[in-house]
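Read through the structure below, which is laid out as structure tokens, and then see the notes.
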Amino acid sequence: MTEAFPNGKTPQHVLGPPAPAAVFLVLTVRSGAEAEAKDFLGDIAGVVRSVGFRAREDHLSCVTGIGAELWDRMFDAPRPAGLHPFIEQRGDVHTAPSTPGDLLFHIRARRMDLCFELARQLVGELGDAVSVVDEVHGFRYFDERDIMGFVDGTENPEDQEAVDSVFTPTGGDDPASSTYVIVQKYTHDMAAWEALSVEDQEAAFGRHKLSDMEFPDEDKAPNSHLILNTIEDEDGTEHKIVRDNMVFGSVESGEFGTYFIGYAADVSVTEQMLENMFIGNPRGTYDRILDFSTAQTGGLFFVPSQDFLDDPDGELAAAEPSDAQNDDPASASARVEETDPPNPASADDPAPADDSLGIGSLRRRDQ
């Protein structure tokens with residue numbers, strides 16, 4: 001989606017049909033090169049057009065995300081409300097680590113050569129201002145399946161529900177038409193996974209492998225992937241994210257994996273899912289899939305509107321409160337900077353007694 005919203009802001013190309021090829025680039029920005037990085041934000045759209053013009057029918061796109069630490073170094077304005085370093089989830093058995101990342105480029109097209117060329121041009125334009133800390137080349141695997149054999153992205157919202165799930169609304173705490181994205185690189189122990197029976201694999205996911213049909217709720221194991229990734233608030237409203245996961249792998253090294261990428265207007269929804277998976281809900285009931293999948297990276301990025309990328313200083317200046325608001329003690333107190341949230345369920349802390357896992361009013365689906 002690239003058309004402007006009713007508020008006049010143009011979101012980045014987050015929503016769209018699944019692409020056959022993708023490159024995920026995570027960069028760190030050299031200390032002292034923040035001005036170069038900020039100036040380059042407005043050049044990204046032109047680089048995408050230059051590479052994609054030669055094959056417009058293959059729909060080359062790039063979503064740009066900004067990490068919390070780079071935001072603090074690059075802008076004087078407070079961070080967006082949901083932007084903070086990725087929260088490590090350290091369970092009794094498995095850990096979702098937090099790893100470095102200042103910029104994310106999520107590049108997609110119908111052809112890998114376009115993705116590769118755009119990645120090469122972006123990094124080349126930034127030069128020694130950045131270092132590549134993670135690069136993954138992803139591909140679609142058969143009929144939208146992951147390397148473990150199950151269809152991926154079945155629960156993605158569509159149409160207006162997708163827009164509402166992904167983009168921040170007008171009048172909220174965040175700039176309108178923006179979103180948040182969490183990325184993780186998972187590697188899989190395929191030998192151990194393939195040693196399981198199909199029935200045991202299906203129990204781990206909570207759906208049938210061939211048909212992709214979901215189990216009835218009463219038949220889902222409490223540690224199944226579907227149970228732990230279903231997030232509802234106290235009135236039963238389900239909250240969703242949009243995933244665009246991709247398979248990657250190397251026959252030579254024996255490394256096979258899934259690159260998870262999830263967009264959400266409210267990043268706490270994705271964080272609740274990860275907390276459920278790694279800590280468990282209740283604690284100790286971690287996601288069975290993690291016995292075969294290891295999280296290698298973890299990053300959280302703010303994805304502003306295209307208008308912001310084109311003119312970040314102008315957008316930030318337009319968003320500043322008026323003089324009347326500045327004189328209002330209530331407004332001033334609301335702008336007090338908050339510290340980064342700790343992991344609400346670290347290995348050394350007792351499990352919350354209210355089964356909420358400490359993030360707002362979200363909870364898992366009742367069993």
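From a predicted model like this one, the values you see are computed outputs, not experimental measurements.
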V63: what forms a side-chain contact (heavy atoms from CB on, under 4.5 Å) with it, not counting sequence neighbours? Q12, V14, H106, R108, Y263, V303
Run the salt-bridge test on [X] and [Y] with the 4.0 Å N-O cut-off and return the result as yes or no.
X    : Y    : result
E202 : K220 : no
E155 : R243 : no
R73  : E69  : no
D313 : K38  : yes
K9   : D307 : no

Between [X] (side chain) and [Y] (backbone), is there a donor-acceptor pair under 3.5 Å?
X    : Y    : value
T179 : A264 : yes
D287 : M277 : no
W193 : H188 : no
T237 : D233 : no
S250 : S253 : yes
R79  : W71  : no
T99  : G298 : yes

Do [X] and [Y] belong to the same hydrophobic cluster, where Ile, Leu, Val, Met, Phe, Trp and Tyr are linked whenever their side-chain heavy atoms lie under 4.5 Å apart, directly or via other members?
X    : Y    : answer
F260 : V151 : no
L104 : V136 : yes
V198 : M213 : no
F302 : L25  : yes
I66  : V48  : yes

Within a strict 4.5 Å, meaning less than it, do heavy atoms of the [X] and [Y] side chains meet?
X    : Y    : value
S98  : I87  : no
L70  : E34  : yes
F308 : P175 : no

[atom1] of [X] to [atom2] of [Y]: how many Å apart, nearest 0.5 Å?
X    : Y    : atom1 : atom2 : value
Q272 : I241 : CD    : CD1   : 12.0 Å
L60  : L118 : CG    : CG    : 5.0 Å
T285 : I227 : OG1   : CD1   : 11.0 Å
F167 : S305 : CZ    : OG    : 10.0 Å

[Y] versus [X], side-chain donor and acceptor atoms under 3.5 Å:
X    : Y    : answer
H239 : S165 : no
H208 : E199 : no
E135 : H137 : yes
T187 : Q296 : yes
Q121 : E117 : yes
T154 : D212 : yes
T168 : S178 : yes

Minimum heavy-atom distance between [X] and [Y], given as atom pair plus value:
X    : Y    : value
T258 : N245 : CG2-CB, 4.0 Å
R145 : L210 : NH2-O, 3.1 Å
N229 : M273 : O-CE, 3.4 Å
G82  : V267 : O-CG1, 3.5 Å
A129 : E36  : CB-OE1, 3.7 Å
S224 : A221 : OG-O, 2.8 Å

Identified ring-ring contact (aromatic ring centres under 6.0 Å, His included) counterpart of H94 within the set F278, Y286, Y186: Y286
Test V29 against L103 for side-chain contact (heavy atoms from CB on, under 4.5 Å), laying out the working first. CA-CA 8 Å; V29 175; L103 289 173; 4.1 Å; yes
Excluding sequence neighbours, so at least two apart, what forms side-chain hydrogen bond (donor to acceptor under 3.5 Å, both in side chains) with T170?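 With sequence neighbours excluded, T170 shows a side-chain hydrogen bond (donor to acceptor under 3.5 Å, both in side chains) to N7, given in chain and number order.
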Under the criterion side chain to side chain contact (heavy atoms under 4.5 Å, CB included), which of D174, V269, V166 is the partner of Y180?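 Going through the options one by one, the only one that passes is D174.
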The single option from D146, I147, D152 passing side chain to side chain contact (heavy atoms under 4.5 Å, CB included) against Y141: I147
Please state whether the rings of F150 and F205 are parallel, tilted or perpendicular, taking 30° and 60° as the class boundaries.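 Geometry flag for F205 against F150: parallel rings.
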Stepwise salt bridge (charged side-chain N to carboxylate O under 4.0 Å, His left out) test for E144 and R140: CA-CA 6 Å; E144 305 297 333; R140 289 290 166 201; 3.7 Å; yes
